[in-house]
K.L.:
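I have a structure here, written as structure tokens, and I will follow up with some questions on it.
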Amino acid sequence: MDYHFEFRPYRRLFKQPLRTRYGFWNVREGLILRLTDAEGRIGWGEVAPIADFGTESFAQALSFCQFLATEISEGTIAQIPATFPACQFGFGAALENLSVVPSGNAQTALNSLWTVHEQSYLLPTGRDALRGWQDPWQQGFRTFKWKIGVVDSAEELRHFETLMQCLPEKACLRLDANGGLNWDTASRWLATCDRLTSSYAAKVEFLEQPLPIEQFDQLLNLHQQFRTPIALDESVSTLTQIQSCYQKGWRGIFVIKAALAGSPEKLRSFCQTHAIEVVWSSALETSVAQHFIRHRLIPAVPASDRAVGFGVDHWFLDTTLNQLDFEQLWQSL
Ligand SMILES: [Mg+2]
């Protein structure tokens with residue numbers, strides 16, 4: 001069957017640049033996809049690449065879509081190369097969304113994303129985190145994520161201790177180094193995590209991607225040496241990498257950014273057949289991809305009680321692209 005294919009690019013400004021060890025990120029660019037079948041049903045999809053995570057760039061995804069004809073088939077989608085995982089996800093999701101026609105109660109149930117309790121909240125980087133958690137705590141967030149490995153590590157460790165002193169009981173902190181530490185600094189962070197978790201009311205849930213992806217053996221080694229768990233993120237960006245880390249013996253946490261991982265069908269199938277511990281995480285996508293992940297992907301795999309990493313909408317200036325009326329969202333582009 002052929003589908004009528006349209007796409008529209010979006011550009012979203014961050015309220016303030018998002019600082020990670022890759023530098024400053026000012027604008028999130030992506031594409032909203034719209035497939036229409038012969039009966040007039042619509043399937044929405046989204047391509048939200050992050051080249052720093054090993055996906056195609058936005059420019060590559062854009063040219064890919066510009067190159068496609070306005071009538072495409074399932075075969076076209078099946079042939080998207082593995083070097084374009086964000087496109088594989090976006091087109092795969094659009095195709096699956098086409099086959100679902102919710103009505104009545106099912107439609108109402110679909111009209112939601114996550115509650116604050118289910119999400120982790122991304123704090124500002126550096127010392128700004130110290131006054132960044134109180135408002136979201138009042139709103140009900142209990143899990144917070146903080147980017148590290150950005151400034152001097154002695155300074156960050158001091159802020160970390162202050163943050164752990166301030167955070168109330170039941171608060172849970174995720175640290176994310178984005179691969180920016182080395183063996184010594186990672187060991188220092190993990191030893192500090194172990195110490196502070198036993199000294200204070202709040203706990204460190206895990207340290208995400210302390211070392212670069214090339215240092216898999218050292219990551220495994222660190223995971224075995226400390227009580228604070230390690231989660232892989234950049235190491236497991238795409239399904240190919242998830243499979244490879246699993247085969248090499250990783251049984252710790254997998255942070256999965258489904259929007260970057262490739263075909264949602266294959267990802268779902270892998271998670272259903274391998275008992276891996278997953279933390280679902282945002283690639284700073286709009287509600288189009290979030291809705292698919294929330295309703296079509298997560299419920300299809302074994303449940304986890306860990307918060308999902310989708311508490312990021314507050315980073316964007318506009319809220320138009322957070323809405324669940326996709327026709328309106330489309331019209332705004
Ligand atoms: Mg991460």
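Keep in mind it's a predicted model, so treat the numbers as computed, not measured.
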K.L.:
Which label fits F144 and Y121: parallel for a plane angle under 30°, tilted from 30 to 60°, or perpendicular past 60°?
P.N.:
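Taking Y121 first and then F144, their aromatic rings stand perpendicular (interplane angle over 60°).
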K.L.:
I'd like to know if the side chain of T76 reaches the main chain of S73, judged simply by a donor and an acceptor atom lying under 3.5 Å from each other, with no hydrogens or angles considered.
P.N.:
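Indeed, once roles are kept as given, a pair shorter than 3.5 Å links the two residues.
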K.L.:
Would you say K248 has more than 12 foreign heavy atoms packed within less than 6.0 Å of its NZ?
P.N.:
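Count over threshold, so yes.
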K.L.:
Taking all non-hydrogen atoms of both residues, which atom of G92 and which atom of P264 are closest, and how far apart?
P.N.:
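Looks like C-CG, 3.8 Å.
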K.L.:
If you draw a 6.0 Å radius around CD in Q218, do more than 12 non-hydrogen atoms from other residues or ligands fall strictly inside?
P.N.:
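Above 12, so yes.
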K.L.:
Is it true that a side-chain atom of S269 and a backbone atom of E265 form a donor plus acceptor pair closer than 3.5 Å?
P.N.:
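No: the side chain of S269 does not pair with the backbone of E265.
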K.L.:
Looking only at atom types and distance, does a side-chain atom of R19 sit under 3.5 Å from a main-chain N or O of K147, one as donor and one as acceptor?
P.N.:
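Answer holds: no.
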K.L.:
Output yes when a side-chain donor or acceptor of H295 lies under 3.5 Å from a complementary backbone atom of S112, and no otherwise.
P.N.:
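Between the backbone of S112 and the side chain of H295 there is a qualifying donor-acceptor contact (under 3.5 Å).
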K.L.:
Would you call L207 and D176 a side-chain contact if the rule is heavy atoms closer than 4.5 Å?
P.N.:
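Heavy-atom side-chain distance check fails, nothing below 4.5 Å.
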K.L.:
Please report the closest heavy-atom contact between V150 and E156, naming both atoms and the distance.
P.N.:
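Smallest interatomic distance, heavy atoms only, reads N-OE2, 2.9 Å.
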K.L.:
Same cluster for I50 and Y10 if Ile/Leu/Val/Met/Phe/Trp/Tyr side chains link at under 4.5 Å?
P.N.:
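Unlinked, I50 and Y10 end up in two clusters.
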K.L.:
Is L122 linked to V116 within one hydrophobic cluster, defined over Ile, Leu, Val, Met, Phe, Trp and Tyr using a side-chain heavy-atom separation of less than 4.5 Å?
P.N.:
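No: no chain of side-chain contacts under 4.5 Å links L122 to V116.
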K.L.:
Going by distance alone, is a donor N or O of one side chain under 3.5 Å from an acceptor N or O of the other, for T185 and N182?
P.N.:
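Distance-only check passes for T185 and N182.
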K.L.:
For residues 205-235, pull every pair meeting ring-ring contact (aromatic ring centres under 6.0 Å, His included), keeping only residues two or more places apart or in separate chains.
P.N.:
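Checked against ring-ring contact (aromatic ring centres under 6.0 Å, His included) - neighbours excluded - the pairs reaching residues 205-235 are H223-W250.
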K.L.:
Shared ILVMFWY cluster between L232 and L267, side chains joined below 4.5 angstrom?
P.N.:
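As far as the 4.5 Å side-chain criterion goes, L267 and L232 are connected within one cluster.
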K.L.:
Kindly say whether G149 contributes a backbone atom to a donor-acceptor pair with the side chain of S153 at under 3.5 angstrom?
P.N.:
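No, because the side chain of S153 does not come within donor-acceptor range (under 3.5 Å) of the backbone of G149.
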K.L.:
Report yes or no: does T192 contribute a side-chain atom to a donor-acceptor pair with the main-chain N or O of R188 at less than 3.5 Å?
P.N.:
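Present.
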K.L.:
With the side chain counted from C-beta on, respond yes when L113 and H291 share a heavy-atom pair under 4.5 Å apart, and no when they do not.
P.N.:
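Of all side-chain heavy-atom pairs linking H291 with L113, at least one is under 4.5 Å.
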K.L.:
Which of these, E234, Q209, E208, sits in a side chain to side chain donor-acceptor pair (under 3.5 Å) with N178?
P.N.:
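Among E234, Q209, E208, the one meeting side chain to side chain donor-acceptor pair (under 3.5 Å) with N178 is E234.
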K.L.:
Please work out whether the ring planes of W137 and W133 are parallel, tilted or perpendicular, with thresholds of 30° and 60°.
P.N.:
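The arrangement is perpendicular - the two ring planes meet at more than 60°.
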K.L.:
Go through it in stages, so that I can follow the logic: the residues are F89 and V47, the test is side chain to side chain contact (heavy atoms under 4.5 Å, CB included), and I'd like the CA-CA distance, side-chain angles, deciding distance and then a yes or no.
P.N.:
CA-CA 7 Å; F89 170 83; V47 181; over 6 Å; no
K.L.:
Checking side chain to side chain contact (heavy atoms under 4.5 Å, CB included) for the pair L35/I42: CA distance, chi angles, key distance, verdict?
P.N.:
CA-CA 6 Å; L35 295 183; I42 293 168; over 6 Å; no
K.L.:
Between atom CZ of F326 and atom OG of S287, what is the distance when rounded to the nearest 0.5 Å?
P.N.:
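Taking CZ in F326 and OG in S287, the distance rounds to 4.5 Å.
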K.L.:
Inspect the contact between E205 and R306 and indicate whether a charged nitrogen and a carboxylate oxygen are less than 4.0 angstrom apart.
P.N.:
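Counted as a salt bridge, because a side-chain N and a carboxylate O are separated by less than 4.0 Å.
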K.L.:
When you measure from the side chain of S332 to the backbone N and O of T320, does any donor-acceptor pair fall under 3.5 Å?
P.N.:
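Answer holds: no.
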K.L.:
Do T238 and Q241 get their side chains close enough for a donor-acceptor pair, meaning under 3.5 Å?
P.N.:
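Their side chains do contain a donor-acceptor pair, which is all the 3.5 Å distance test asks for.
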K.L.:
Is any side-chain heavy atom of Y3 closer than 4.5 Å to one of E71?
P.N.:
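Contact flag for E71/Y3 side chains = no.
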K.L.:
Output the distance between atom OG1 (T228) and atom CG (L222), rounded to the nearest 0.5 Å.
P.N.:
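Going from the OG1 atom of T228 to the CG atom of L222 covers 11.5 Å.
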K.L.:
For residues L333 and L321, determine if any side-chain heavy atom of one lies less than 4.5 Å from a side-chain heavy atom of the other.
P.N.:
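Sidechains of L321 and L333: in contact.
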K.L.:
Between R41 (side chain only) and N97 (backbone N and O only), is there a donor and an acceptor less than 3.5 Å apart?
P.N.:
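Not at all, since once roles are kept as given, no pair shorter than 3.5 Å links the two residues.
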K.L.:
Determine, stepwise, if the pair F58 / L31 fulfils side chain to side chain contact (heavy atoms under 4.5 Å, CB included).
P.N.:
CA-CA 8 Å; F58 168 74; L31 303 158; 3.9 Å; yes
K.L.:
How many angstroms lie between CD in E118 and OG1 in T143, if you round to the nearest 0.5 Å?
P.N.:
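If we round to the nearest 0.5 Å, E118:CD and T143:OG1 are 11.0 Å apart.
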K.L.:
Please determine whether the number of non-hydrogen atoms from other residues, nucleotides or ligands lying under 6.0 Å from atom CZ of R127 exceeds 12.
P.N.:
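Atom CZ in R127 is not packed in, count stays at 12 or less.
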K.L.:
Would you say the ring centroid of W189 lies under 6.0 angstrom from that of F160?
P.N.:
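Judged by ring-centre distance (under 6.0 Å), W189 and F160 do meet the cut-off.
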K.L.:
If you round to the nearest 0.5 Å, how far is CZ of R34 from CZ of R8?
P.N.:
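So the CZ of R8 and the CZ of R34 are separated by 7.5 Å.
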K.L.:
Output yes when a side-chain donor or acceptor of T197 lies under 3.5 Å from a complementary backbone atom of C193, and no otherwise.
P.N.:
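At least one qualifying donor-acceptor pair exists.
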K.L.:
If you apply the rule side chain to side chain contact (heavy atoms under 4.5 Å, CB included), what do you find for I32 with F7, and how did you get there?
P.N.:
CA-CA 6 Å; I32 302 296; F7 69 96; over 6 Å; no
K.L.:
Identify the two heavy atoms, one from A186 and one from P210, that lie closest to each other, and give their separation to 0.1 Å.
P.N.:
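Scanning both residues, the minimum pair turns out to be CB-CB, 4.0 Å.
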K.L.:
Taking atom CZ as the centre, does R131 end up with more than 12 heavy-atom neighbours from other residues, nucleotides or ligands that are less than 6.0 angstrom away?
P.N.:
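Open: at most 12 neighbouring heavy atoms sit under 6.0 Å from CZ of R131.
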K.L.:
Does V312 belong to the same Ile/Leu/Val/Met/Phe/Trp/Tyr cluster as L175, with side-chain heavy atoms less than 4.5 Å apart forming each link?
P.N.:
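As far as the 4.5 Å side-chain criterion goes, L175 and V312 are not connected within one cluster.
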K.L.:
Would you please say whether a donor-acceptor pair under 3.5 Å links the side chains of E46 and T286?
P.N.:
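Yes, because at least one side-chain N or O of E46 sits under 3.5 Å from a partner of the opposite role on T286.
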K.L.:
Return the minimal non-hydrogen interatomic distance between V279 and A307, and the atom names on each side.
P.N.:
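Between these two residues, the closest heavy atoms are CG1-O, 3.8 Å.
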K.L.:
Could you tell me the separation between the CD atom of E74 and the CG atom of L95, rounded to the nearest 0.5 Å?
P.N.:
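Nearest 0.5 Å value for the CD-CG distance: 5.0 Å.
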K.L.:
Do you know which two heavy atoms are closest between L163 and A129, and how far apart they sit?
P.N.:
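That closest heavy-atom pairing would be CD1-O, 4.0 Å.
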K.L.:
Is it true that E169 and Y200 share a donor-acceptor pair across their side chains at a distance under 3.5 Å?
P.N.:
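Distance-only check fails for Y200 and E169.
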K.L.:
Considering non-hydrogen atoms only, spot the tightest contact between Q60 and S57 and give its length.
P.N.:
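Heavy atoms of Q60 and S57 come nearest at OE1-N, 2.8 Å.
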K.L.:
What I want to check is whether the side chains of S282 and E285 have a donor and an acceptor closer together than 3.5 Å.
P.N.:
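There is such a pair (donor and acceptor under 3.5 Å, judged by atom type) between the side chains of S282 and E285.
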K.L.:
Say whether E327 and Q331, considering side chains only, have a donor N or O and an acceptor N or O under 3.5 Å apart.
P.N.:
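Distance-only check passes for E327 and Q331.
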K.L.:
Can you tell me how far CZ of R28 sits from CZ of F316, rounded to the nearest 0.5 angstrom?
P.N.:
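Reported value, rounded in 0.5 Å steps: 7.0 Å.
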K.L.:
Would you kindly confirm whether I276 and L297 end up in one hydrophobic cluster when ILVMFWY residues are joined by side chain heavy atoms under 4.5 Å apart?
P.N.:
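Linked within one cluster.
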K.L.:
Look at the rings of F254 and Y246 and say which category their plane angle falls in: under 30° parallel, 30 to 60° tilted, over 60° perpendicular.
P.N.:
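The rings of F254 and Y246 sit tilted, inter-plane angle from 30° to 60°.
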K.L.:
With salt bridge (charged side-chain N to carboxylate O under 4.0 Å, His left out) as the rule and sequence neighbours excluded, what pairs involving residues 48-68 come up?
P.N.:
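Listed by first then second residue: nothing to list.
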K.L.:
Below 30° counts as parallel, above 60° as perpendicular, anything between as tilted: where do the rings of W25 and F14 land?
P.N.:
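Judged by the thresholds at 30° and 60°, the geometry between W25 and F14 is tilted.
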K.L.:
Will you find, in the side chains of Q225 and N221, an N or O donor that is under 3.5 Å from an N or O acceptor?
P.N.:
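Side-chain D/A pair, Q225 to N221: present.
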K.L.:
Does R11, at its CZ atom, have more than 12 non-hydrogen atoms belonging to other residues, nucleotides or ligands within less than 6.0 Å?
P.N.:
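12 or below, so no.
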K.L.:
Does N26 use its side chain to pair, donor to acceptor, with the backbone of P17 at less than 3.5 Å?
P.N.:
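Checked: no pair found.
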K.L.:
With heavy-atom distances below 4.5 Å as the criterion, would you say the side chains of F24 and L18 are in contact?
P.N.:
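F24 vs L18: side chains apart.
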